[in-house]
Each structure stands twice: as C-alpha cells, then as structure tokens.
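All chains are named by letter (A, B, ...) in the order of the sequence lines, taking the proteins before the strands, and each is independently numbered beginning at 1. Predicted model, so just to flag it, every value in this text is computed and none were measured. Just the heavy atoms: all of them, side chains too, but no hydrogens, waters or symmetry mates, feed the values below.
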Protein chains: 2
Amino acid sequence: MPKLTIRDIAQLAGLSKSTVSLVLNNSPKVDPATRDRVLEVMRSHNYTPSTAATALAKGRTPFIGMIVPGLTWHMVAAVNWGVASVIEQSPYEIILYTSTNEKDYSSLVERIRASGLSAGLLVVTHDQPLDPLEKLHRAGLPVVLVNTLGTPSTLPSVQADNYEGTRTALRHLAELGHTRIACVQGLMAYECCQERYRGYLDGLSNAGIEADPELTVDGSFHPPTIRERVTELLARRDRPTAIVAQNDNTAYAVMQAVIDCGLRVPQDVSVVGFDDIASSADTHPPLTTVRQPFPEMGKAAARLLLETIDGATGDAGPVRMSTSLIVRESTARAAKKPFRKARPPAAGPDAAPRTWSGLGPNVSRTS
Amino acid sequence: MPKLTIRDIAQLAGLSKSTVSLVLNNSPKVDPATRDRVLEVMRSHNYTPSTAATALAKGRTPFIGMIVPGLTWHMVAAVNWGVASVIEQSPYEIILYTSTNEKDYSSLVERIRASGLSAGLLVVTHDQPLDPLEKLHRAGLPVVLVNTLGTPSTLPSVQADNYEGTRTALRHLAELGHTRIACVQGLMAYECCQERYRGYLDGLSNAGIEADPELTVDGSFHPPTIRERVTELLARRDRPTAIVAQNDNTAYAVMQAVIDCGLRVPQDVSVVGFDDIASSADTHPPLTTVRQPFPEMGKAAARLLLETIDGATGDAGPVRMSTSLIVRESTARAAKKPFRKARPPAAGPDAAPRTWSGLGPNVSRTS
DNA sequence: CTGAAAGCGCTTACAG
DNA sequence: CTGAAAGCGCTTACAG
C-alpha cells in the first residue's frame with residue numbers, strides 16, 4: 001500500500017487539501033466539527049504528513065544536529081540521555097554527527113552548514129577549536145554548547161559550576177577535621193580545571209586553612225604521573241590527610257597510590273573526585289565526589305537551543321548548573337597523629353598481593 | 001543572503017534547471033564541458049541542493065535511523081564510532097533515537113515507521129522485544145541489528161562469535177597449564193551467555209579436561225553475588241587456578257574477590273574476561289580478555305544496511321564477527337601445589353587495607 | 001546533449 | 001469557515 005497523501009485524506013473527508021492542511025497546522029479557523037472529522041480520517045488511515053514536503057513548503061527543517069566526540073565517555077551517554085528526553089517532546093529529531101578527529105572537525109561543521117539540514121546545533125565539546133562553530137552561529141544558525149571543559153567562548157553554553165563544586169568538597173573535608181588537604185591538578189590549560197583549582201584555594205581559605213603550595217601537584221590527568229606525585233606527597237612527614245582530584249578517573253589513581261603506599265582509604269587518607277561517573281559508586285571504597293549533572297546539562301542545553309530556534313534572544317553568558325557533593329566512603333574524619341607509616345609502593349608484580357577494585361555497574365548486562 | 005536554488009545556478013551557468021539537475025545526479029548524458037562549467041558555478045557559489053526538495057522529488061530520504069539504548073555503555077560508543085565512520089562516506093545522515101525505557105519502545109518504533117524518515121534502521125539491541133522491529137522489516141523497511149545479547153531473531157544482524165571467543169580463552173588457559181578452570185556465568189537467559197558457556201565446555205573438552213560441575217557458578221552479572229560465589233570457590237581444597245567470567249565487569253568482581261581472599265592475580269588465580277571494554281587495559285593487573293570488535297561490528301552493520309537499502313537480498317543469518325584474545329597480565333602459568341592458603345575476606349571497612357584499582361583511561365580528559 | 005513541462009506532498013495568501 | 005491556485009526546490013520522462 002502506497003503512503004497516503006494529503007489529497008487522499010481530503011478526498012476521504014470530502015474536503016479540499018487546503019482545509020486538511022489547516023487542520024494539520026491546527027488553525028483555529030477550521031470548524032471544530034470539520035476538524036474532528038479530518039482528524040478521525042487521518043487516525044483511522046494512519047496518516048502522517050510527509051516530512052520532506054512539509055519541510056520544503058514551510059522552508060524549515062525538523063532537525064537539530066548534535067555533534068558528539070567519537071570517544072567512550074560516560075559523559076556523552078549521560079548528556080545524550082538528557083538531550084533525548086527533551087527533544088522527543090519537541091517536533092524535532094536529532095541528527096547525530098560524530099567528530100572522530102579534530103582534523104575533520106571544521107569540514108564536518110562545513111558539511112552541516114551546507115546541508116542546511118539542521119535548525120540548530122547542539123555540541124558536546126571536546127578539545128576542538130570553537131571558531132568554526134562561532135562563525136556558523138554568527139551566520140545565523142543557533143548553536144548551544146555542552147561545555148564540559150569550560151572552553152571560553154561567546155557561544156551560548158551550559159556548564160557545571162566547577163568552582164562552587166570544589167569549594168563544597170573542601171568544606172566537607174574541613175568539617176571532617178582535615179587541615180592538610182592536597183590537590184592533584186588536571187590539565188590546567190582547561191578552564192574547568194582552573195575553576196576547580198580556584199574552588200580548592202577559596203575552599204581552604206574559607207575554612208581558615210592556609211594553602212601550602214607543596215600540597216598542589218600537577219597530575220595532568222595522567223594516572224602514572226599521578227601515582228608518582230601522590231607517592232611523593234605521602235612520603236612527607238607532614239603528609240596530607242586528604243586529597244582532592246580534579247576528576248573521578250584521576251581519583252582512582254590517587255586511591256591506587258594511597259593503597260600502594262600501605263595506607264588506607266579513608267582511614268589514613270580521604271579522597272574526593274569530580275564528575276560522579278557511573279563506576280564511582282562501585283569502587284572500593286565507593287568514591288566521594290562532586291557530581292556533574294550531565295543529564296540535566298543535556299536537558300538545559302536542548303531547551304536553550306529550542307528556545308533560540310523559536311526566536312529567543314538573550315545571550316546571558318554560560319548557564320551554570322549546580323553540582324552536588326555525593327558523600328560516599330572514601331572520605332572520613334581526619335586521622336589523629338601519630339600517623340601510620342607509609343611504605344614505598346612495592347615493585348614488580350610479585351611484590352605484594354595486588355590491589356584490586358570491584359569497579360563496574362552492579363549489573364552489567366552485556367556481553 | 002538567501003540560499004541559492006537550482007534555478008539560480010541554471011541562470012548563472014546560462015542553462016536550464018534540467019541540465020543542472022542532470023549534473024547534480026551526474027548523468028552521463030551531459031556534455032563534459034557543460035558539466036564542468038556547472039560544477040564550477042556551484043562550487044564558487046557554495047551551492048548545495050535542498051535536501052527536502054530532493055527527498056520529495058526522488059521519493060526517498062537520505063536518513064538512516066539508529067536506535068541506541070539510553071544507557072552508559074562503552075559498547076554503544078564503540079559501535080557508534082564504527083557506524084559513523086561508514087555512514088559518513090555515504091549520502092546518508094544518522095537520525096538518533098534513544099530508547100530510554102522498554103515501555104516506550106514499540107511506540108518509538110511506530111513513530112519511526114510513521115515518520116517515514118528513515119531509509120533503514122540500525123538497532124543496537126538491548127533487552128527490548130524484537131517483534132516491533134520484525135514487523136517493520138517485513139513491511140519493507142530494512143533493519144539491521146547489532147545484536148550484542150545474541151537475542152534470537154529473523155532479522156539480519158551482526159554479532160560476535162561468542163562461542164569461539166570463549167573456546168580460545170580456554171585454550172590459552174590450558175596452554176598455561178591450568179586444569180581447574182571455573183566459569184562464572186552471566187545471565188543464562190541471554191543467548192550470548194549460552195554460547196559463551198558452550199565455548200567454555202568445549203574448550204575444556206578440547207584440552208582433555210573433564211568439566212567439573214562444581215566449577216560452574218551462576219553470577220547473573222551481579223557483582224555482590226559473584227564475589228560470594230568466587231569466595232566459596234576459593235575456599236575449596238581443590239579450588240580453581242583460573243576463572244573465566246562472562247564479561248569484563250564481571251571479571252572485575254572476580255578479581256576483587258580473589259584479592260579479598262588474600263590471593264593474588266595472576267600468581268594464584270588467573271582471570272579472563274569478555275568484551276575488552278576500555279577500562280580493562282588499565283586495571284591492576286590489566287585484564288586478559290576476549291575482545292568483541294565493537295567498532296567493526298558497527299561498520300559491518302552499517303555496510304549491511306546500506307547494501308540492503310540498495311536492494312541486496314541475501315538474508316544469510318547473523319554475521320559472526322571474530323573476537324580476539326587480548327592477553328594481558330591477569331593470566332599466568334598455573335601455580336604449583338601446595339597452594340597458598342586462601343583466607344576468608346575481611347569484614348568491615350577497617351579490617352584490612354582496602355583493595356583498589358587504578359581503573360580508568362590513562363589520560364582522562366574530562367572534566 | 002539540452003530544455004519545457006509536469007509532478008513530488010505540503011503550505012499559504014487570496015477569494016468567496 | 002472552505003476552496004482554487006501558486007509556490008517551495010528539486011527530478012524525470014518527453015521532445016527536440
């Protein structure tokens with residue numbers, strides 16, 4: 001059976017195409033009785049108007065483009081979940097663009113522009129340059145960023161409140177009696193890391209703790225480096241009793257290093273992460289961390305984009321989403337002195353029972 | 001500046017729309033010189049034909065739909081990477097549908113059908129019922145499954161060779177001298193788990209090892225259960241020297257349990273996973289596992305779909321993709337007796353230095 | 001090899 | 001409140 005057209009419906013209802021179209025666009029000019037009749041005919045014949053024809057006639061498309069990085073991130077999935085839940089309530093569908101590498105990035109953006117397929121663009125940022133997007137936006141295509149790295153940009157964007165998040169984590173540690181609190185920095189080229197670091201510094205000072213420069217180390221989000229730095233920190237006589245990491249994966253490496261030094265989390269050293277990716281609930285011990293509200297960030301970005309497409313203006317700077325501190329078991333009251341002695345991490349695979357974590361979702365259904 | 005139309009190009013080139021259209025569809029009937037001129041005009045004016053108009057006139061759409069589960073899976077990202085790399089070479093774009101819960105599933109499929117937007121459908125399966133898709137397929141819409149759970153279906157699908165993958169893992173263990181090899185089953189309702197189990201059994205028998213029913217335990221992909229079962233296994237006098245798990249996340253729980261019993265991986269017990277998700281390269285010790293070629297599965301599925309859309313027929317049953325055994329450090333030669341004694345896992349957070357893993361990608365760039 | 005004409009399925013003034 | 005007509009930007013026989 002060939003797909004029904006508006007002409008078929010008109011015929012079946014004994015009306016003109018015009019009227020059917022008015023019903024389709026629920027114009028108030030149509031007689032209610034007529035409208036109901038048309039609606040009934042459509043329903044009973046399972047009619048759906050052709051998207052292509054509608055798009056052509058109306059001169060606008062029912063798609064929003066979404067660019068996601070071609071990587072394996074909890075974040076992308078979580079953001080997408082939020083985006084999808086908003087867009088599925090709208091008349092739009094999502095066209096998925098995966099940016100597999102930075103080189104192709106501007107040609108991807110160009111392709112999107114040229115196709116004219118998208119009424120707006122949602123971009124989950126990565127490391128890529130933002131100027132192609134800014135040009136596009138200036139040319140009139142609404143663009144909204146889910147800006148997890150906090151890359152400075154004039155584009156409307158949604159991002160977590162990195163500063164406040166970290167400050168809250170510091171308050172938590174201070175309340176637990178910690179005064180020697182170290183920070184393992186991520187990549188300070190990223191704005192989000194700078195913000196988190198400012199949150200660390202101000203969190204210390206709010207608690208009346210003087211920052212000790214020796215307790216700030218650069219981990220560059222690189223586990224081996226982090227393990228080294230943390231081992232050095234723990235070898236100090238005035239070693240820290242708490243360590244904040246700039247993301248969860250980093251916090252895992254910190255915990256690893258603590259254990260490798262023969263110390264315990266959280267009895268000897270408390271550890272705090274940032275992100276709250278799925279696995280952090282299942283580590284041993286479960287990680288205390290600052291949750292980025294990824295699904296909500298996706299929702300907010302999608303809503304913002306839809307509003308912009310519908311003609312809203314206000315470029316009121318980035319939308320800051322509140323984080324929340326998820327207190328689990330990697331933080332505890334600061335240990336009393338004297339300290340349990342740290343021992344240098346064992347070398348070689350045979351040196352000691354290797355440590356291990358039960359990381360992973362509680363039920364992992366695949367495969 | 002308003003978007004250029006085919007009429008503008010025709011005018012600029014001093015030709016009719018018809019000819020320009022023929023160039024667009026690279027008809028051989030056009031004079032080469034003419035064609036080049038038209039192409040040049042298009043290029044210099046940055047012309048791209050309207051997708052909507054083309055779709056309407058041609059009566060077919062340039063989209064393929066992709067349904068992904070709304071979950072946080074390494075798998076989805078990896079499959080998508082493969083799909084994207086194939087589709088971006090084709091004239092199609094991907095419309096992303098996220099199935100957030102099973103209840104809405106058939107209405108989602110119905111929405112896709114009704115919209116008529118997709119020329120074909122790629123489905124990353126989850127737990128959902130497959131009949132709505134089968135109906136759709138019978139109604140003429142090409143559908144291809146990336147069937148990670150191995151759910152039986154008449155639909156064309158791509159899936160890993162679960163049987164052979166596990167058999168290979170068993171050969172690896174046998175070669176290392178293991179004869180007491182346990183299997184922690186996942187959810188046996190899934191075909192993929194049954195296949196893997198058959199691979200385990202046949203792998204044993206190929207190595208001349210008689211299967212000991214006591215060494216098969218049900219873990220249901222549930223870490224707490226798994227830790228319990230493994231602890232019981234290790235308490236046996238004739239405990240296994242190797243354990244195969246039916247996926248990586250499960251293997252993590254197995255390793256956790258081994259360590260908690262005071263034993264070492266791999267010196268006392270070798271552990272093998274299945275999947276090779278990203279984190280498995282960074283566990284301590286790195287996990288030996290059977291890799292599912294997710295990106296390749298995505299590519300194969302995308303290619304299969306494109307071929308089907310282009311009129312290929314052959315429903316030759318599921319495409320089986322070869323797995324590969326990734327040997328890392330969680331497997332080693334079987335220990336000589338006498339065994340190191342297992343001790344029951346310590347209870348309570350203070351009982352012993354808690355174990356930990358450095359899980360996570362080596363560089364974790366977010367955030 | 002190129003052009004004029006009709007058509008894809010819808011929308012939108014414009015009449016009535 | 002409803003209908004006839006023109007148009008959205010392309011394609012596709014059909015002439016020539």
Side-chain angles (χ1 to χ4, degrees), chain A residues 1-42 45-63 91-93 114-119, chain B residues 1-42 45-63 91-93 114-119:
Chain A
M1 49 160 194
K3 207 168 182 282
L4 291 185
T5 72
I6 197 175
R7 145 175 283 129
D8 299 314
I9 300 301
Q11 211 157 300
L12 287 165
L15 289 164
S16 71
K17 294 188 312 176
S18 312
T19 305
V20 175
S21 176
L22 291 178
V23 171
L24 238 25
N25 294 278
N26 42 53
S27 154
K29 305 198 247 177
V30 183
D31 180 276
T34 311
R35 176 165 47 82
D36 290 351
R37 185 150 47 92
V38 173
L39 252 20
E40 175 52 25
V41 173
M42 293 195 205
H45 289 77
N46 227 285
Y47 168 76
T48 331
S50 149
T51 312
T54 307
L56 180 56
K58 286 195 169 167
R60 51 193 159 84
T61 92
F63 299 110
Y92 293 93
E93 301 289 357
S115 78
L117 226 39
S118 301
Chain B
M1 52 160 191
K3 207 168 181 282
L4 291 186
T5 73
I6 197 176
R7 146 175 281 130
D8 300 315
I9 300 300
Q11 211 157 301
L12 287 165
L15 289 165
S16 72
K17 295 189 311 177
S18 312
T19 305
V20 175
S21 176
L22 290 178
V23 171
L24 238 23
N25 293 279
N26 43 52
S27 153
K29 305 197 249 175
V30 182
D31 181 276
T34 310
R35 177 165 47 82
D36 290 350
R37 184 152 46 93
V38 173
L39 252 21
E40 174 53 24
V41 172
M42 293 194 205
H45 289 77
N46 227 284
Y47 167 77
T48 332
S50 148
T51 313
T54 308
L56 180 57
K58 286 195 169 168
R60 51 193 159 84
T61 92
F63 301 109
Y92 292 93
E93 301 289 357
S115 77
L117 228 38
S118 302

Nucleotide [N], atom [atom2] - distance to [atom1] of [X] in whole Å:
| X | N | atom1 | atom2 | answer |
| --- | --- | --- | --- | --- |
| Asp31(A) | dG3(D) | CG | P | 11 Å |
| Arg7(B) | dC8(D) | CZ | P | 7 Å |
| Met42(B) | dG9(D) | CE | P | 16 Å |
| Lys29(A) | dA13(C) | NZ | P | 9 Å |
| Asn25(A) | dC10(C) | CG | C1' | 9 Å |
| Lys58(B) | dT12(D) | NZ | P | 6 Å |
| Arg60(A) | dC10(C) | CZ | P | 16 Å |
| Lys3(A) | dG7(C) | NZ | P | 21 Å |

At what distance, to the nearest 0.5 angstrom, does [atom1] of [X] lie from [atom2] of [Y]?
| X | Y | atom1 | atom2 | value |
| --- | --- | --- | --- | --- |
| Ile6(B) | Ile9(B) | CD1 | CD1 | 8.5 Å |
| Asn25(B) | Thr54(B) | CG | OG1 | 8.0 Å |
| Thr51(B) | Leu117(A) | OG1 | CG | 4.5 Å |

Do [X] side-chain atoms and [Y] backbone N/O form a donor-acceptor pair below 3.5 Å?
| X | Y | result |
| --- | --- | --- |
| Thr48(A) | Ala114(B) | yes |
| Thr61(A) | Ala55(A) | no |
| Asp8(B) | Thr5(B) | yes |

(request) For Thr34(B) and for Thr54(A), locate the closest nucleotide of DNA chain C by heavy-atom distance; then report the residue assigned to the nucleotide nearer the 5' terminus. (result)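 Whichever sits nearer the 5' end wins; that is Thr34(B).
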
(request) Nearest-nucleotide wise, let me know which of Val30(B) and Ile6(A) is further upstream toward the 5' end of DNA chain C. (result)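 Result: Val30(B).
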
Among [options], which nucleotide sits nearest the side chain of [X]?
| X | options | value |
| --- | --- | --- |
| Pro49(A) | dT11(D), dT2(C), dC10(C) | dC10(C) |
| Pro32(B) | dT11(D), dG9(C), dC1(C) | dC1(C) |
| Ser18(A) | dT12(C), dC8(C), dT2(C) | dT12(C) |
| Ser21(B) | dT11(D), dT2(C), dG9(D) | dT11(D) |
| Tyr47(A) | dG9(C), dC10(C), dA4(C) | dC10(C) |
| Ala57(A) | dG9(C), dG3(D), dG9(D) | dG9(C) |

(message) Could you identify the nucleotide paired to dA13(D), looking across every strand shown and requiring Watson-Crick or G-U wobble geometry with both distances under 3.5 Å?
(response)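 Paired with dA13(D), as far as the under-3.5 Å criterion goes, is no nucleotide at all.
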
(message) Return the pairing partner of dA4(D) with a 3.5 Å limit on both distances, Watson-Crick or G-U wobble; otherwise return none.
(response) none

(message) Under 4.0 Å from OP1 or OP2 of dG3(D): is there any side-chain N or O of Ser16(A) that close?
(response) yes

(request) Give a yes/no answer on whether the side chain of Thr19(A) brings an N or O atom under 4.0 Å of OP1 or OP2 in dG3(D). (result)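 Yes, because at least one side-chain N or O of Thr19(A) sits under 4.0 Å from OP1 or OP2 of dG3(D).
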
(request) Specify the residue among Leu22(B) and Leu56(B) whose closest nucleotide of DNA chain D lies further upstream toward the 5′ end. (result) Leu56(B)

